[in-house]
Amino acid sequence: MSHSDDFDNLPISQRAMARPPSAPMLDANYLEGLNTEQRDAVETTDGALLVLAGAGTGKTRVLTTRLAHILNQRKAWASQTLTVTFTNKAAREMRERAEKLIGDEAQSLSWLGTFHSVSSKILRRHAELVGLESNFTVIDTDDQLRLLKQIIEAENIDTKRWTPRFMAGLIDSWKNRAVTPDRVPAGEAHEFANGRGIEIYKTYQNRLKVLNACDFGDLLMHCIAIFQNNPSVLADYHSRFKYILVDEYQDTNVAQYLWLRLLAQGTGNICCVGDDDQSIYGWRGAEVDNILRFEKDFPGAKVIRLERNYRSTAKILACASHLITSNQDRLGKTLHTEDEDGEPVKVRGIWDGEAEARLIGEDIESWRSSGRTYSECAVMVRASWQMRLFEERFIMLGIPYKVIGGPRFFERAEIRDAMAYLRLIRSENDDLAFERVVNQPKRGVGAASIQKVQIVAREMERPLTVTAEIMMRGNEIRGKAQSGIRTFLNDLERWRAQARDIEHPRLMEIILDECGYTDMLKADKTPQAQTRLENLKELVRAMGEFDSLNAFLEHVELVMDASQGNESDDQVQILTLHGAKGLEWPLVFLPGWEEEVFPSKRALEEGGLKSLEEERRLAYVGITRARERCYISFVANRQIFGRWQSVMPSRFIDELPPQHVDAVSETGYSTAPDGMSNSGFNNVSRFDEEASFGGSTYDSPGWKRAQARRTSDGWPQKKRPPDIEGTPRKEKMSDKESGAGLELGQRVFHIKFGYGKITQIDGTKLTVDFEKAGVKKVVEKFVEAA
DNA sequence: TTCTTCACGCTTTTT
DNA sequence: GCGTGAAGAA
């Protein structure tokens, strides 16, 4: 992105001219307004430093000010600092804020970016060291899955039983831990098709090399390999990077940790900023351990805690802090504020999801009519399926809203198709792109014909495009497929020629029109076709912002988010808790706090205690997003995947400090059937009387339908297909019988009852003395060592 | 080859 | 409840 690359590469004389001695020192007033700890974190520039920055303690400010301070103190040129973030958004924000502090010099922060973009930049300089060319492509998940599917099928393994997705997950988890094919632990090798996973991993890596491609994990893996095997290259980066800054350190995985450690060995000047209580990406390989172990990994490291919160009212903060103390694995911080108490956090029990959406809609309307704005409100859910209800309700009420983090622009099918055409123009080696669009739009080239070409291509070791051309000449393909491939190849040839003297956005239009894609969408009368056409127009527009086709393609591969405009619109934000990190609103709604929804059922089944703690951190993140008001709610009945279920309030609700909470029943929770306890919620709202309101109160159609589906025990019928033998599946907590490996007197954890000590063992039956309930209970399942 | 039908399975998300 | 993906039918 930045053009003025490295000062390091300039002769000293030119460096001096590039930056005259009279360059104004920044006013030191950028340090003003920082508290003692923040200032300490900014000024401790040398050595290893861990900044434990709690929610709302000014983390980004410290990071950017620190960067400015290093430059201002003339400790390094901008190009000698390395700053890594996780998302493009965070990188963009850092750059913008740095620009405000140091002006144009921020342009020279050429090593500020995501782990992946920095890695890709490094890798392009040394690609030959790992057998790639410097113009390698970065493939995304979709291409990755199709590639894996081919490989697994070629190995004659049933792709239904051993899905490419599962294999992709394994490869991902290996790459997250920087595990190369020859280092896969024996135990994990058996997880896929009786140990053939390693073979597939190897073949996959080889295929990538042939395609001159990388997946996202490879960007880091290859860098690590280069550093480890080429001391001179590493030494070069050691002298280059005088200061290293890392954002969101709690989200680093093992590979990223190794990457950082290799680079930090040089000067030892590394500053990591993070918050162990906000680590919510364990499921994609993040290791909280990295932050917990920091002082061991970097001996002599200093740790600074930022505990003064500038965001939330005292009551909101008290709720969040109290909740998170239920977690065992933490470094421990005590957030405090000098803000006023504010309103207590409101906890509401509601009849069902529709009533919940109605109520929140009303709250937002009254917030708005009291002179506040929609954009000051956010609804944060655990899973994206929960968003639908709110969207429907907001549409009905005419509340403007915006869903954050919906389907990504560059992941839409039509955009990916268009991109595939461009990739084929760029390089005839792009087999994945060829497969994607030979028959898109339909040219009568079916699976059978494509397979024919693939077989020959493999034998000749040539790309599909070239092979197809040769087969055409040899008349080896007949019928519809013949003419289809013929026109496809001719078109490609023509477009390639045109690419040389036509502006690339115009070329895109020509391709889409001539290949029949536009016509195909125009003929399609479904409403989606219209939006697809508009998306393609947007793509053409976006291409105009880049100098060349290559520049555009390279950008898209790493920065998969289209910058969305009109941020200034006054809209309520609907987003997932994961999407909310780093953001804040005056008014925050946290609906859906029910057991098995939040904490999510899958998380508990698969990850046990570790996941439960992560879910709790998610709750913590949610509450701490609120500045002024926080509304938590749960329902008695919820439709999940179209099935009605009675649900229990989330355990997290009972973990809130009662003195800071205002608990209310809004819609007859107290009269809920199916033996639901009323949990002390006795108020009755107007919805209870107004069954005609349109939602599903007691005698609404929705409720009747739900009743009809219920079996005699009050639970919905479930169709449970028999488990297929051999189906890969992680061990569920619910399948784990207790007793195995547990001893008398051992401290254990139970998903429902919490911590306790085993007082008696009788086969699989354990008698456990639970700390919380203060009761002895006999339990058979859901127990694990604490 | 393409159209139709049936079964499955389904957090979270970035790069 | 909905979209995907594979097997069978035209």
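We use all heavy atoms of the structure for the numbers below, so side chains are in, but hydrogens, waters and symmetry mates are not. Order of the sequence lines fixes the chain letters, A, B, ..., with proteins taken first and strands second; residue numbering starts at 1 for each chain.
- Taking atom CZ on R388(A) and atom C1' on dG1(C), their separation rounds to 8 Å, with Å as the unit.
- Using a 4.5 Å heavy-atom cutoff, the side chains of V453(A) and I477(A) are in contact.
- When the salt bridge (charged side-chain N to carboxylate O under 4.0 Å, His left out) test is applied to E613(A), no partner is found at least two apart in sequence or on another chain.
- One can place CG of L219(A) at 12 Å from C1' of dT14(B), the figure rounded to the nearest angstrom.
- The side-chain hydrogen bond (donor to acceptor under 3.5 Å, both in side chains) search around E435(A) returns Q150(A), Q454(A), not counting sequence neighbours.
- Listed by chain and residue number, D142(A), D417(A) satisfy the side-chain hydrogen bond (donor to acceptor under 3.5 Å, both in side chains) test with R436(A) (two or more places apart in sequence, or in another chain).
- In this structure, NE2 of H116(A) is placed 4 Å from C1' of dT15(B), rounded to the nearest angstrom.
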Check your understanding: Can you list the steps and then say if Q144(A) with Y204(A) is a side-chain hydrogen bond (donor to acceptor under 3.5 Å, both in side chains)?
Key -> CA-CA 9 Å; Q144(A) 192 188 15; Y204(A) 172 72; 3.3 Å; yes
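- Residues satisfying the ring-ring contact (aromatic ring centres under 6.0 Å, His included) test with F652(A), not counting sequence neighbours, are F598(A).
- Between the C1' atom of dT12(B) and the CE atom of M387(A) lies a distance of 10 Å, rounded to the nearest Å.
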Protein-nucleic acid N or O pairs under 3.5 Å, nucleotides 1-5 of chain B:
from: dT1(B); atom 1: OP1; to: G446(A); atom 2: N; distance (Å): 2.4
from: dT1(B); atom 1: OP1; to: G446(A); atom 2: O; distance (Å): 3.4
from: dT1(B); atom 1: OP1; to: S449(A); atom 2: OG; distance (Å): 2.6
from: dT2(B); atom 1: OP1; to: G444(A); atom 2: N; distance (Å): 3.2

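- Rounded to an integer number of Å, the gap from CZ of R602(A) to C1' of dT11(B) is 7 Å.
- Sorted by first then second residue, the salt bridge (charged side-chain N to carboxylate O under 4.0 Å, His left out) pairs that include residues 574-583 of chain A, not counting sequence neighbours, are E248(A)-K581(A), D251(A)-K581(A).
- One atom, CD of E614(A), and another, P of dT13(B), lie 13 Å apart when rounded to the nearest Å.
- Note on R382(A): every side-chain N or O is 4.0 Å or more away from OP1 and OP2 of dT12(B).
- Here Q144(A) lies out of heavy-atom contact (under 4.0 Å) with every strand.
- With sequence neighbours excluded, the residues forming a side-chain hydrogen bond (donor to acceptor under 3.5 Å, both in side chains) with N327(A) are R616(A), listed by chain and number.
- Between T141(A) and dT15(B) there is no side-chain polar atom (N or O) within less than 4.0 angstrom of OP1 or OP2.
- Within the 4.0 angstrom heavy-atom criterion, base atoms lie near S600(A).
- The side chain of E615(A) approaches dT11(B) more closely than any other nucleotide in the set dT11(B), dT13(B), dT15(B).
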Distances for protein N/O vs nucleotides 5-8 of chain C N/O pairs under 3.5 angstrom?
from: dA6(C); atom 1: OP1; to: K149(A); atom 2: NZ; distance (Å): 3.2

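- In this structure, dT12(B) is classed as anti because its glycosidic torsion departs from zero by more than 90°.
- Put simply, F86(A) does not rest on the base of dT15(B): the two rings are not both less than 5.5 Å apart at their centres and under 30° in tilt.
- We find that CG of D142(A) is positioned 11 Å from P of dT4(C), with the value rounded to whole Å.
- Counting any heavy atom pair closer than 4.0 Å across all strands shown, S384(A) reaches sugar-phosphate atoms only and no base atom.
- When the side-chain hydrogen bond (donor to acceptor under 3.5 Å, both in side chains) test is applied to Y401(A), the partners found at least two apart in sequence or on another chain are E391(A).
- Rounded to an integer number of Å, the gap from CZ of F136(A) to P of dT15(B) is 17 Å.
- OP1 and OP2 of dT14(B) both lie 4.0 Å or more from every side-chain N or O belonging to N88(A).
- For the residue pair D289(A) / Y257(A), no side-chain donor-acceptor distance below 3.5 Å is found, with atom types taken as modelled.
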